[in-house]
Amino acid sequence: MILPVELEHHIDEIITHYPPQHKRAAVLWLCHLLQEHFGFLGDEQVKWIADKLGLPPINVWEIVTFYPMFTQKPLGQFHIKLCRTLSCHLAGSPTLLQRLANLDPNQFTVSTVECLALCGSGPAMMINDATFERVTPAKLDAILTRLQTTGKLESQPLQPPLPAHPLEKRVLLANLARPGYTGSLADYECEGGYQALRKARTMNPDDIIQEVADSQLRGRGGAGFPTGLKWRFLDKKSGKSVYLICNADESEPGTFKDRQIIHYDPHQLLEGILISCHAIGARVAYIYIRGEMPDGAKTLLHAIEEARARGYVGNGVEIYVHRGAGAYICGEETGLIESLEGKRPYPRIKPPFPASVGLFGCPTAVNNVETLANIPHIIRHGANWYKTMGVTGSTGTRLLCVSGPVKQPGCYEFEMGKLTMRQLIYDVCGGLQDGRQLKGVIPGGSSMPVLTPDQIDVPLDFESLRKAGTMAGSGGVIVLDDSVDIVEATLNLAQFYAHESCGQCTPCREGTLWMEKMLHRMRDGRGRPQDVELLYDVADNIDGKTICPLGEAAAWPVKAFVTKYRAEFEKHV
Amino acid sequence: MSENTVNLTIDGRAVVAPKGMNLIEAAKLAGIEVPHYCYHPKLSIVGNCRMCLVDVGMPKLGPDKQPQIGPDGKPVIVFGPKLLIACNTPVAEGMVVHTRSPKVQKAREGVMEFLLINHPLDCPICDQAGECRLQEYSVDYGRAESRFTEDKVHKPKKTPLGPKITLDDERCILCSRCIRFMKELAGQDCLGFVQRGSHSTLTCYPGHEPNTNYDLNIVDLCPVGALTSNDFRFQQRVWFLKETKSICPHCATGCNTVLWSREGIVYRQTPRENPSVNQCWMCDEGRLHYKFINDSRRLTLPTANGTPISWAEAVEQVAAKWRATEAQAIIGSARATTEELFLLKQLGGETAPAVVVPHLGEGDKWLLNADRTPNMAGAKLLGFGTNVARIADGIRAGAIRALMVLGEDPLEEELLARLELLVVLDILPSRATRAAHYVLPSATFAEKQGTFINAKGRIQRLNAAIAPLARPDWQILAGLLRGTGTAKYETIEDVFADMARVIPSLSGLSLSKISDQGVEVAL
């Protein structure tokens, strides 16, 4: 098995992105590159990668079989990947799936995939590395016809960001919707970009951390942990390197905000990363980006080179892009770290925490894309400015993603807490589509308990949502209308979590698939009277018993739907 | 709290535990079992089975950083919102642990249920039955009935992991003990999980199966019947087997073992814990080296020039002839017990050259010693040399005319034919037994009491697992000593007591003082 010289050189260069005694970390990249070249990862490819990285072949095989983006056998020329998760499902992906039956298997392979982070413009689909939104049956037919006749794949430009709604307060999205803004370094600097970095490089690192702590910025990935505090926990006395990891694995169903920053304003993220590296003493930062954002990875790589040319990257701080390959669990910070190290992404038991033992055993801070994008603004304008936005306990602005049958779904930015869910749905998004009634709304990504229509006057900040029995989570708002069968929706999410469970610990590994099977039976009309209680009890036996929050993420939706919509479940038994 | 210990309470019992100890071990100190699958004291901690979840509370600290005292005069204890895994929770001063509260019981019941929903109903055909933690914990902590009515996940049921082990993936509970052992201790990182979620499957890469001398330890480690030893697969139900503590005779390490037997047949050998010798492991070579005990060619009757005679006749004739023949020499075995070598040396008196036969192989960095005999240290302590060539020369020169050989076969027929008197004690036919004037069939290590002294000077004792197929060497030799008028021994304790009197290193010891863990002596 021979590789072209340039490919082998490229691979050798990528291996230098990781410490020499941790070459294993390059395994995901090598799998991507070899699969791109050969079309699949068979015995020869596995052995080649194992040899190259000094690993026993089992360690490579473990990776190839874990991630759905890798295939051990050749596929058709065009791999159609249709999103099957809740928002796209409710927008009509099952109909599209039917139309994809009976295609020539030499030319097409059809798969369903989990949430592609395009929920507001679903049904979403990828064909090889090209992304398609708002796929109607007619649009799908047109795409297929073009592929069958020309044999060439043309990607379609994605919907440009909408101009700001009066209720919005755009800080992170300020550049995006400016006419003619391309996201290039030149454009970014035109709008004042990288001033904050220059300022930060004159500041004492501890002062930067202090400023971020004073701003009361809370993590935007889902947990809402205070960012300054997270940085303060880093063990700076160990003598080991400190690492910063940008969590760009955005996979929580209903969420598509980080995508906006990565694709349309990447320098905002890079500046945030560079300032943060200076603050915590990190000389290397990795951006772990989900594998299903290949254009995002290319955009970031290009932006990094632009930044290098201006001297922002290099000279003591490096940013590397590390691509995932289709696993929601890589959004959990220790699952991400394991994946980055080249192992199966099994979240770690804690303690120890990444702040003391993280990437390659070194103190590590893992921060969400949106969180890091806030940093330049905080440094440029100050913590006090930041606190003038939002409410106590939830300062600043927040990106919210709305999907479901509203008139204007999409990604918006608001001061935290200054908006209620009702205002979001009816004022900003124009209310539900004609003839539809609200049945419920998931406020923070599919893992967060659903709110019923009588609960939507809750302000959208961390504390208020917590008091309402749910959480702000990832900011993925999924609107459910009266055409939604709640059991079907619960089944859809149960299938997501069963598919994404890494399998490490007993309750999640066994319980998620059990819940899926039960819900499947109930949805198909073969439920038994005891199934509703059983379903709730199984969810309860997972909740709080697992190594990582995927257990809670799988259990909470089931518990919330069964509790709040019990009548619908009972109709199915 | 002292420098090295902390005080905590487990199920109402006060426990003093060393700092850094985890709650599973601390609970053991209090006599409380915390059930677990994936945890093992010699392997890294992964916390994936979730069976050891316990309720942990710590004293609430006041503004002065001291524990707040409640109205009952005791520290106020705050319990966490979630249960914690005991394996990864170190003891702390003032900690309060509940291992049997309703919350913990429900969690355990939940975990047991989850483990069983995809587990195949294999008990009737599974080797692990009777020593299976799924069975045991089901009874102790699980539900009586299954609530699962879906289809189970199916996986391969007969994957060879090398020639010694068969893997049934449906039974596997994915605890990863085997993976960790192969990587961390055996030094061959060859096992792993493929696929994801509920379809995760243990396997090895084709062509890269386990091939170390320690693979079979993973069969011991496996809490269920996923990993089975091909040697033992389908051979016996474990509840019929008698367990006898013994010592492996394969090399000078002297791993502590258990012999599992029924009705005179030994079915398997497993390691027994001894922190000073082998922790809880043994090598595959030693483990599998027991079939000779029940070999169908075992010698059972004494013979004189090939003709069977009674034991009484044999002992009388051999004693008489041995006393009468001069120019004696002794070839003993470093596989014989210390007691047997002691008696054998006496038969040779002061003048007869006495050697044991060295057996060397390649040692490894762990348990397998290059010295492939269990009692060379004992032999040397008793004054045996190793120069077998000297005996051969002596026979050739006519200076040795009477030879007693115990458990070895180092000389060619041509040399043996020159002897006036050749007496051989052994278990299986050999050149020596075929050339002997008298053959006195003896017993293996599994059929007698006695001791070995390992390379580090630890004297350890054997126990009889099965009744001897012939006669233990020490009894034969004691009979000969009586017959030659040299000494009188009735029991093995008599022999040991005399030995301890004569050998300074063993002074003050007795077989019972040696106990099951052995005692270090000066070499």
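Since the model is a prediction, treat every value here as computed from it, not as a measurement. To find a chain, count down the sequence lines: A is the first, B the second, and so on, and within it residues start at 1.
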Fill in: Nearest heavy-atom neighbours spanning B:Leu115 and A:Arg509
CD2-NH2, 4.2 Å
Item to complete: Identify the two heavy atoms, one from B:Ser200 and one from A:Gly503, that lie closest to each other, and give their separation to 0.1 Å.
Response: OG-CA, 4.1 Å
Check the surroundings of atom [atom1] in [X]: do more than 12 heavy atoms from other residues, nucleotides or ligands lie under 6.0 Å from it?
| X | atom1 | result |
| --- | --- | --- |
| B:Glu145 | CD | no |
| B:Lys60 | NZ | no |
| A:Glu533 | CD | no |
| A:Lys517 | NZ | yes |
| B:Lys103 | NZ | yes |

Can you find a heavy atom in the side chain of [X] that is under 4.5 Å from one in the side chain of [Y]?
| X | Y | value |
| --- | --- | --- |
| A:Asn59 | B:Asp189 | yes |
| A:His499 | B:Arg196 | yes |
| B:Tyr205 | A:Asp43 | yes |
| A:Trp61 | B:Pro206 | yes |
| A:Phe66 | B:Phe193 | no |

Hey, which of [options] has the most heavy atom pairs under 4.5 Å with chain B?
| options | result |
| --- | --- |
| A:Leu534, A:Asp540, A:Leu55 | A:Leu534 |
| A:Gly511, A:Ala498, A:Cys502, A:Ala327 | A:Cys502 |
| A:Ser501, A:Pro57, A:Gly544 | A:Pro57 |
| A:Arg348, A:Arg528, A:Lys350, A:His520 | A:Arg528 |

Can you tell which part of [X] gets under 4.5 Å to a heavy atom of chain B, answering side chain, backbone, both or neither?
| X | answer |
| --- | --- |
| A:Glu500 | both |
| A:Asp543 | neither |
| A:Thr546 | backbone |
| A:Leu513 | side chain |
| A:Val64 | neither |
| A:Arg521 | side chain |
| A:Asp531 | neither |

Worksheet item: Salt bridge or not for A:Glu510 and B:Lys152, using N-O below 4.0 Å?
Response: no
Worksheet item: Quick one: what part of B:Phe148 sits under 4.5 Å from any heavy atom of chain A, side chain, backbone, both or neither?
Response: both
Discussion item. Using heavy-atom distances under 4.5 Å, tell me whether B:Ile45 contacts chain A through its side chain, its backbone, both, or neither.
Written reply: both
About how many Å separate [atom2] of [Y] and [atom1] of [X], when rounded to the nearest 0.5 Å?
| X | Y | atom1 | atom2 | result |
| --- | --- | --- | --- | --- |
| B:Met51 | A:Cys505 | CE | SG | 14.5 Å |
| A:Lys545 | B:Arg108 | NZ | CZ | 13.0 Å |
| B:Asn48 | A:Ile349 | CG | CD1 | 9.0 Å |
| B:Cys190 | A:Ile58 | SG | CD1 | 8.0 Å |

Item to complete: Give the intermediate values and the outcome of side-chain contact (heavy atoms from CB on, under 4.5 Å) for residues B:Lys106 and A:Asp537.
Response: CA-CA 11 Å; B:Lys106 179 151 201 286; A:Asp537 198 39; 2.9 Å; yes
Identify which of [options] forms the greatest number of heavy-atom pairs closer than 4.5 Å to chain A.
| options | answer |
| --- | --- |
| B:Thr201, B:Leu83, B:Asn118 | B:Asn118 |
| B:His208, B:Gln195, B:Lys82, B:Gln188 | B:Gln195 |
| B:Val111, B:Val46, B:Leu53, B:Thr89 | B:Val46 |

Worksheet entry | Intermediate values then yes/no, side-chain contact (heavy atoms from CB on, under 4.5 Å), B:Glu109 and A:Asn541 | CA-CA 9 Å; B:Glu109 215 179 76; A:Asn541 279 339; over 6 Å; no
Item to complete: List the steps, then state whether side-chain contact (heavy atoms from CB on, under 4.5 Å) holds for A:Thr506 with B:Tyr37.
Response: CA-CA 11 Å; A:Thr506 308; B:Tyr37 293 102; over 6 Å; no
